[in-house]
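Any value given below was found using the heavy atoms of this structure, including those in side chains, with hydrogens, waters and symmetry copies removed.
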Amino acid sequence: MTLVALWRLPALRYGDPLRRTLWGCSAGFAVALWARFPPVKAALDSVAVDLSALVKYFFSMIAALALLNYAVTSYGVGSSPPRHIAICRKVARTARRATVVVIPAMVLLFFTVVDRSHPTHDFAADHAGQWGAAVFMTLFYLYLGFAAATCAYQWSHVSRRAESVSLRVGLTLGAAATWLYTAYAMVRASFMWLAMFVHVSPPVDRAAGKAGDLLNVAAAVLFATGASLPTTGVVAQRWRTWRLLSRLHPLRKDLAQQFPHLCFRPVASRLREASRWSLPLDVRLDRTIQECGDAVEQLRHHATSDLWPVAEEATAHHTDPEAAAEAYWVAAALRSARAGRRASLPAAPLPPKPFTDSQSEGHWLLRVQNVYLGIPTQAIDQILARAGQPRDGIALELAKK
């Protein structure tokens, strides 16, 4: 739960209520679970007896309310939603209004009616048989149970109509988690009231506590997994984009050093470029491809008209002849540009490629770079000897005069 909350922490920067509610749900349940962790529980209880229990229950209620708001925000924006969405809307409105009454009532019961003369290990189990604690816990379990059951009811319906497999599995796991939370609320509430009228032996008491803990932890694991699954595709896409950017660094660096005015910012080392997060990855990839394309366009002024046919002939037997021809053309034209040689007329543009998006163009540049990095100096000399070289800048100016 903590990892999911940290992963979704950037949602606070955006105005999308859907992202914020999902983060609020994960963060609320994470805090509630951390309040059960022995060192954290001991620290909270040192402030006030059983304060960890109050923190746990309040943040569970916050998470349940966020979960309902998420369900309302995700579906049913129309005026005539399906039945399951309409039910979820009504329960969400009721839960928001009930919070104003339930939370003050729980605080009042906790500090006045609940017997807190001795610290407890398991608040619900250790207070079994006490009417004040039973009322306190009933308010909590009713709130949590109705919220969880409503979300489980809705997600069970919409999971069958999800657009993708990952979303379908995520919604199914979310529905299973909320059904478990519903069962958890029913088990603990029933146990609290049963202990009011029937003597519960210590083994049964411990068994009920362990059953409740098992349901709680299992629901948390299922919910965290279900909430993370739909984002796995986004994570994989970001990883592919980041890796493509990193791998294109050598070609981009060589072109940027020759034409620095075409770059949005100076090209740094591979490590520095990989750690930049000032812009989204897809924007950085678009700019990298644009810079490389503009630089190749500038190389036309440093290539002869015979350079492309000679490069094609030299790479006719290469395993990737099209990319190899462009790589040899770029290497030869870049050599002329570095030597200060410039043609009076630019060479013809390179053959067009049917790119559909930035990823496909980036992978094409990667194919070109794979050949470019392995071109020996002698091969470039041979191509320039056959294709000829542009006149250098000084000779051109003298000829004009």
In terms of ring plane angle, is the pair Phe140 and Tyr57 parallel, tilted or perpendicular, where the classes change at 30° and 60°? tilted
Parallel, tilted or perpendicular: which one describes the rings of Trp239 and Trp242, with boundaries at 30° and 60°? parallel
Indicate the atoms forming the closest heavy-atom contact of Ala133 with His127, along with that distance. CB-CB, 3.4 Å
Should we say atom [atom1] of [X] is surrounded by more than 12 heavy atoms from elsewhere, each under 6.0 Å from it?
{"X": "Arg338", "atom1": "CZ", "value": "yes"}
{"X": "Phe146", "atom1": "CZ", "value": "no"}
{"X": "Phe59", "atom1": "CZ", "value": "no"}
{"X": "His317", "atom1": "NE2", "value": "no"}
{"X": "Trp364", "atom1": "CH2", "value": "yes"}

For the side chain of [X] and the backbone of [Y], is there at least one donor-acceptor N/O pair under 3.5 Å apart?
{"X": "Asp45", "Y": "Ser52", "answer": "yes"}
{"X": "Gln369", "Y": "Arg247", "answer": "yes"}
{"X": "Thr304", "Y": "Ala387", "answer": "yes"}
{"X": "Tyr372", "Y": "Ala331", "answer": "no"}

Do NZ/NE/NH1/NH2 and the carboxylate oxygens of [X] and [Y] come within less than 4.0 Å?
{"X": "Arg116", "Y": "Asp50", "value": "no"}
{"X": "Lys353", "Y": "Glu322", "value": "no"}
{"X": "Asp381", "Y": "Arg335", "value": "yes"}

Value for CG (Leu285) from CD (Gln359), rounded to nearest 0.5 Å, stands at 6.0 Å
Any luck finding a side-chain donor-acceptor pair between Arg240 and Gln237 under 3.5 Å? yes
For a 4.5 angstrom cut-off between non-hydrogen side-chain atoms, does Val310 reach Tyr328? no
Are Phe136 and Phe123 near enough that their ring centres are under 6.0 Å apart? yes
